[in-house]
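By convention in this document, chain letters (A, B, ...) are assigned in the order of the sequence lines, proteins followed by strands, and residues within each chain are numbered from 1.
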Protein chains: 2
Amino acid sequence: MDRNFTFLNSISNISEEAFSEVKKISTFKKIEAGTQIVKLSDVPSKAYMLVSGIIRCYVITESGKEFNKSFYLPVSFAASLTALMKRKPSVFVFEALTDCKIYEIDYYKLMRLCDTNSNLKNLYTKVLEFLYVKYEKRLVESITLNATERYLQLKKEIPNVDELISQYQIASYLGITAVQLSRIRKKVS
Amino acid sequence: MDRNFTFLNSISNISEEAFSEVKKISTFKKIEAGTQIVKLSDVPSKAYMLVSGIIRCYVITESGKEFNKSFYLPVSFAASLTALMKRKPSVFVFEALTDCKIYEIDYYKLMRLCDTNSNLKNLYTKVLEFLYVKYEKRLVESITLNATERYLQLKKEIPNVDELISQYQIASYLGITAVQLSRIRKKVS
DNA sequence: TTAGTTAATTAACAAATGTTAATTTTTAAG
DNA sequence: CTTAAAAATTAACATTTGTTAATTAACTAA
């Protein structure tokens with residue numbers, strides 16, 4: 001049995017036929033560390049399923065600072081979803097932090113499949129619900145927790161985050177400087 | 001023509017039949033300022049459409065501090081969505097800041113309607129997409145902007161926010177103290 | 001209007017975080 | 001192993017924000 005079918009099926013039941021339709025609009029790719037699969041101001045047309053490696057999604061402020069919005073670990077979906085939904089340029093960059101294996105999925109073809117296949121429509125809805133829950137949680141954490149607590153929360157979600165992801169990238173995710181993260185690490189250890 | 005039909009139809013085209021089905025599972029209510037339509041640790045079953053007044057949604061930390069996650073102005077949907085989706089107790093309180101007029105909609109009956117009515121399913125998906133865009137934006141702002149910039153951003157979204165909502169409530173939304181908001185107001189004026 | 005209450009501002013000091021630069025540690029390349 | 005480059009830590013000082021308490025302003029009820 002296909003591992004990816006099992007993964008999708010665990011989110012929402014889909015038929016093997018529906019899975020086979022999705023396969024037809026997907027391309028397996030190996031990408032190198034540093035590759036930007038979604039570039040700044042690109043009008044994207046693809047969503048991604050990450051099966052190995054780590055991807056980060058970041059935004060650049062007017063003053064040129066980078067802030068990581070998300071880290072993606074396998075298996076997960078990564079996409080500049082707002083840009084896809086609105087057919088607008090992406091304000092986010094999606095960049096491989098390590099060599100990665102991904103499936104590139106044509107978002108608009110997927111939406112066409114959803115129009116006629118309620119299995120897939122349900123899957124898409126489930127993914128949207130999952131993302132809603134995820135970002136609502138992040139938002140509440142970013143308002144209610146201080147930087148130390150946010151760091152401990154991240155470590156709870158990704159226990160070996162310190163080995164996987166560099167200090168600068170973690171600090172950028174937490175919304176603090178690398179110097180401050182260093183102080184926090186000293187304090188909590 | 002029904003105003004509410006026009007509103008829903010502007011999000012995603014629905015038939016008059018579908019609208020009439022939704023009406024059947026909805027109840028119009030007038031609530032007083034201070035009323036909690038979703039209480040802490042309630043397992044909710046309703047979603048709300050706000051047609052007049054202001055509602056806030058807040059979370060309470062372990063140390064007892066309140067943080068506002070959202071303000072709702074008419075016309076908008078308000079619901080403890082994560083709790084509804086997971087059938088779990090709500091970590092949020094939804095409370096009327098002023099007298100309000102609302103439609104109370106049975107979420108699970110709505111989901112049943114979505115199962116058989118693709119119009120409504122599309123509407124639900126559109127609302128989820130809208131919420132995704134909204135919270136992603138808030139999250140990015142909360143990470144990339146300082147308190148002063150977040151305050152100015154809120155004023156851009158709700159120009160008369162200072163008259164509508166008290167200092168304490170605004171500060172709680174921004175994730176700062178009322179004292180700090182007072183300093184910021186002095187600085188930016 | 002007046003007294004009492006609540007909301008907002010201000011002040012003084014403490015704690016957290018930013019900025020810049022120097023230093024140390026780790027990693028990578030030869 | 002040695003050296004160069006990158007990453008992480010530390011230090012010193014500035015800025016932002018929190019905390020507590022006092023003061024002022026605005027609102028409410030009698």
Side-chain angles (χ1 to χ4, degrees), chain A residues 32-34 53-54 56 58-68 71 95-99 139-155 158 160-189, chain B residues 32-34 54 56 58-68 71 95-99 140-155 158 160-189:
Chain A
E32 281 184 6
I54 304 176
R56 72 168 174 136
Y58 67 95
V59 65
I60 304 172
T61 64
E62 291 174 14
S63 56
K65 285 182 197 155
E66 289 178 6
F67 288 92
N68 287 322
F71 297 124
E95 181 184 282
L97 284 175
T98 66
D99 293 352
L139 176 60
V140 169
E141 286 168 4
S142 78
I143 297 174
T144 61
L145 304 182
N146 63 34
T148 304
E149 293 165 327
R150 294 202 300 280
Y151 174 60
L152 294 175
Q153 179 63 32
L154 177 62
K155 287 190 68 139
I158 311 177
N160 54 341
V161 66
D162 291 331
E163 291 91 67
L164 292 175
I165 297 170
S166 77
Q167 182 208 49
Y168 169 81
Q169 299 294 348
I170 294 174
S172 161
Y173 176 90
L174 298 173
I176 56 176
T177 60
V179 171
Q180 183 60 11
L181 177 54
S182 180
R183 291 182 190 126
I184 290 172
R185 278 177 168 166
K186 189 180 181 183
K187 194 179 67 182
V188 302
S189 69
Chain B
E32 280 183 8
I54 303 176
R56 72 169 176 137
Y58 67 94
V59 64
I60 303 171
T61 64
E62 291 174 15
S63 57
K65 285 183 198 155
E66 290 179 4
F67 289 91
N68 287 321
F71 297 124
E95 181 184 284
L97 284 175
T98 66
D99 292 354
V140 169
E141 286 169 4
S142 79
I143 299 175
T144 62
L145 304 183
N146 62 36
T148 303
E149 295 166 325
R150 293 202 300 281
Y151 173 60
L152 294 175
Q153 178 65 32
L154 177 62
K155 286 190 67 134
I158 311 178
N160 52 341
V161 67
D162 291 329
E163 291 91 66
L164 292 174
I165 300 169
S166 77
Q167 184 207 50
Y168 170 81
Q169 298 295 348
I170 295 174
S172 161
Y173 176 90
L174 298 172
I176 56 177
T177 60
V179 172
Q180 183 59 13
L181 176 54
S182 180
R183 292 195 279 238
I184 290 172
R185 278 177 168 169
K186 190 180 180 184
K187 195 179 66 179
V188 302
S189 67

Inset, instruction - On DNA chain C, check which nucleotide each of T148(A) and V179(A) is closest to and give me the residue with the more 5' one. - result: T148(A)

Can you check whether [X] has a side-chain N or O nearer than 4.0 Å to OP1 or OP2 of [N]?
X	N	result
S182(B)	dA8(C)	no
K65(A)	dT19(C)	yes
R185(A)	dA8(D)	no
S166(A)	dA7(D)	no

Legend entry - Sole candidate of T61(A), V59(A), I60(A) that passes side chain to side chain contact (heavy atoms under 4.5 Å, CB included) when paired with E66(A): I60(A)

Where the side chain of [X] is defined as all heavy atoms beyond and including C-beta, which of [options] is the nearest nucleotide?
X	options	result
Q167(A)	dT10(C), dT16(D), dA8(D)	dA8(D)
I176(A)	dG18(C), dT10(C), dT17(D)	dG18(C)
I184(B)	dT17(D), dT19(D), dA16(C)	dT17(D)

Legend entry - Heavy-atom pair of closest approach, residues T98(B) and I54(B): OG1-N, 3.0 Å

Can you check the [X] [atom1] to [N] [atom2] distance for me, whole Å?
X	N	atom1	atom2	answer
D162(B)	dA25(D)	CG	P	19 Å
Y168(A)	dA7(D)	OH	C1'	13 Å
K186(B)	dA7(C)	NZ	C1'	17 Å
E163(A)	dT27(C)	CD	P	11 Å
L181(A)	dT9(D)	CG	P	7 Å
L97(A)	dA6(D)	CG	C1'	16 Å
E149(A)	dT17(C)	CD	C1'	15 Å
Q180(B)	dA14(C)	CD	P	18 Å

Legend entry - Donor-acceptor side-chain pairing of N146(B) and Y151(B) below 3.5 angstrom: no

Legend entry - Modelled atom types, side-chain donor and acceptor of Y168(B) and N68(B), under 3.5 Å: no

Inset, instruction - May I ask you to say what K187(B) touches in the nucleic acid, namely base, sugar-phosphate or nothing, with a heavy-atom cut-off under 4.0 Å? - result: nothing

Inset, instruction - Just call it for A178(A): base, sugar-phosphate, or nothing, with non-hydrogen atoms closer than 4.0 Å on any strand. - result: nothing

Inset, instruction - Please state whether the base of dT19(C) and the side chain of R183(A) form at least one donor-acceptor pair under 3.5 Å? - result: yes

Legend entry - Heavy-atom donor-acceptor pair, R150(A) side chain to L145(A) backbone, under 3.5 Å: yes

